Amino acid sequence: MGVGVSSVMGPDGEAGGLPTGLGDLPENCVAAVLAYLEPLEICRAARLSRTFRGASSSDSVWETKLPRNYRHLLALATDEENPYKKSRLCKKEIYARLCRPVPLDGGTKEFWLERTSGGICMSISSRALLITGIDDRRYWSYLTTEESGFHSVAYLHQTWWFEVDGEVDFCFPAGSYSLFFRLHLGRATKRLGRRICITEHIHGWDIKPVRFQLSTSDGQLAQSKCYLDKIGSWILYHAGDFVVENSDVPTNLKFSMKQIDCTHTKGGLCVDSVFIYPKGFRQGKIFAADLMT
Amino acid sequence: MGKTIKLISGDGEMFEVEEAVAFQSNIIKSLADEDNADDCIPLPRVDSQILSKVLEFCRKHANSPSVHTKFAAIPSELCPKHDGSAAGASSSESSSAHSETCRACYDAVMKLVQWDLEFVKVDLDLIHHLLKAANYLDIEDLMFMAVEGAANAIRGNNPEEIRKLFDLENDFTPEEEKEILKEYSWLDDPFEP
């Protein structure tokens, strides 16, 4: 901060002919200003002038936007970029890279940086979930669909015991997060170019609610219940929230949704994936948490 | 009035201010520390309009701890309530202990912060001049406020307005502009599941 004493006399120490005025904003000043702005605003500011463009690429600006554990997250992005090139990325390029999904666990999970807020999001495909009876073709099958980020969803024909469990172990940057199950009552298909929803298998969801649960390795627990009722659209069912204190310590999350009342069957449900978003970023179907003793 | 310093602006105006005011600028302080027989410091690159604004800020902040950059605790000798009568309190009595419990200090800091916020709101096109002056003269608190003020001036304004406020020239060639759009295309193309 501040310029050297010699430049009190002139920008490049010219002899005689003292310049008036303070000249253009130096790049370091612009960078200090840009650090206050959001990523989108920084990128817009790059178009203002050469100085702004230079400042908008500066590491000091993007360092403030990256998650605290960005080095760890970048290391997980073992992809087409060779390690040498990856180690030479500037902070802006690291931000850009993390905005593209990074696959985990053989591609059954993905995480990415949400570009506007810099928060980490994650999606967990149905293939990574433990679905009771998934191998029994009387109950479940996998459908290929473009409506899923993983191009495939698990479809329930019918079952007595509906249980979906999942687990993830990940260094989430410190903050609050919400976990959702993305579900669809009915089976969507295309007829003559139009999307239609086949509802023939839908039953049983109005008898008893589905129970959601989320717990962390450090003892947090969220439980709630909800009747599934909206047919024909993908709904994010909010299972619960969790808080991460330390970016450098892996958080182990266990989550589940169940409807195991065996007095009735239920069916006609597509299970896409589980989503984890920074709290407040996405509003799913919110329902009151039910404290179960 | 304590020891004073004379500052000469780029357009030849003379400002005589107390040392405590002028020394908010690390540059002025280091220049004055040098062997300067006539206590007259020329600032050829700062014109009188800007310098008077800067000194207004410095006057307000003189004898105040750096409220922004250090989030400092207020040493008890500066506490407005105690009025320097806390001479008995040793400086090793953690200053933070004092201001944490002293309501008068907290209020004084808040008042100063409010004043600063108002100060940078006035005259948006002055902001970049203040920013340059704060950078050039190395005045931490003014730098902090001017940076925030400048960020607010950019936020929510279109490029033409921002260029006007900051005296910027669009010095790109059309090829460069295309390059920039490409360089930042990753932000326009979000991955949305």
Side-chain angles (χ1 to χ4, degrees), chain A residues 1-5 7-11 18-26 28-53 56-57 92-93 95-97 99-101 110 112-116 121 123 148-150 182 272-273 275, chain B residues 10-11 25-28 30-31 34 41-47 50 69 127-129 131-140 143-144 146-156 158-159 162-163 166-172 176-177 179-181 183-184 186-193:
Chain A
M1 192 110 63
V3 294
V5 170
S7 47
V8 170
M9 301 314 288
L18 296 168
T20 54
L22 287 159
D24 294 332
L25 263 176
N28 70 307
C29 276
V30 179
V33 174
L34 295 184
Y36 269 77
L37 301 178
E38 301 298 310
L40 287 182
E41 292 166 329
I42 296 169
C43 296
R44 265 183 237 128
R47 304 175 198 178
L48 290 170
S49 77
R50 289 224 172 104
T51 309
F52 271 74
R53 183 187 185 183
S56 71
S57 290
K92 184 183 82 177
E93 288 165 331
Y95 193 94
R97 173 59 191 94
C99 283
R100 289 190 344 256
E110 280 179 340
W112 65 97
L113 198 64
E114 196 286 303
R115 70 200 173 115
T116 59
C121 308
S123 64
S148 161
F150 294 99
R182 187 169 185 257
D272 171 22
S273 25
F275 282 93
Chain B
D11 46 348
S25 156
N26 290 327
I27 293 296
I28 294 176
S30 59
L31 285 174
E34 291 169 10
I41 297 178
L43 300 172
R45 298 182 67 190
V46 190
D47 76 18
I50 302 301
T69 56
I127 268 292
H128 76 284
H129 291 295
L131 182 54
K132 283 185 279 199
N135 179 57
Y136 175 71
L137 294 170
D138 193 9
I139 304 171
E140 278 191 84
M143 184 72 183
F144 187 92
V147 162
E148 195 176 322
N152 288 331
I154 292 177
R155 214 175 268 131
N158 67 48
I162 301 172
R163 285 202 187 100
F166 284 80
D167 256 346
L168 296 174
E169 210 189 293
N170 181 354
D171 48 1
F172 293 120
E176 282 173 326
E177 285 195 312
E179 254 175 57
I180 300 174
L181 284 175
E183 207 176 294
Y184 286 98
W186 55 270
L187 260 174
D188 294 327
D189 226 347
F191 168 72
E192 290 284 23

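Since the structure is predicted, the reported quantities are computational estimates derived from the model, not experimental observations. Chain A is the first sequence line, chain B the second, and so forth, proteins listed ahead of strands; every chain is numbered from 1.
Most heavy-atom pairs under 4.5 Å with chain B, from the set A/C43, A/S273, A/A45: that is A/C43. In terms of non-hydrogen atom pairs under 4.5 Å with chain B, the most contact-rich of A/P39, A/S57, A/A35, A/A46 is A/A46.
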Open item on the list: What verdict does the side chain to side chain contact (heavy atoms under 4.5 Å, CB included) test give for A/E41 and B/I154, after you've listed the backbone C-alpha separation in whole Å, the side-chain angles of each residue and the deciding distance to 0.1 Å?
Closed with: CA-CA 8 Å; A/E41 292 166 329; B/I154 292 177; 5.7 Å; no

TODO: Kindly determine whether B/I27 and B/Y136 satisfy side chain to side chain contact (heavy atoms under 4.5 Å, CB included), including the steps that lead there.
DONE: CA-CA 8 Å; B/I27 293 296; B/Y136 175 71; over 6 Å; no

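Contact annotation for B/D171: both backbone and side-chain heavy atoms come within less than 4.5 Å of a heavy atom of chain A. Of the two parts of A/S56, the backbone and the side chain both hold a non-hydrogen atom closer than 4.5 Å to a non-hydrogen atom of chain B. Heavy-atom distances place no part of B/A146 under 4.5 Å from chain A, backbone and side chain included. Proximity to chain A (any heavy atom under 4.5 Å) is shown, for B/E148, by both the backbone and the side chain. At a 4.5 Å heavy-atom cutoff, the contact between A/F52 and chain B is made by side-chain atoms alone.
No more than 12 heavy-atom neighbours from other residues, nucleotides or ligands sit within 6.0 angstrom of CG on A/D24. More than 12 heavy atoms of other residues, nucleotides or ligands sit less than 6.0 Å from atom CD of B/E176.
Between the A/R50 side chain and the A/R53 main chain, no donor and acceptor come within less than 3.5 Å of each other.
The aromatic rings of A/W112 and A/F275 stand perpendicular to each other, their planes meeting at an angle above 60°, with 30° marking the opposite boundary.
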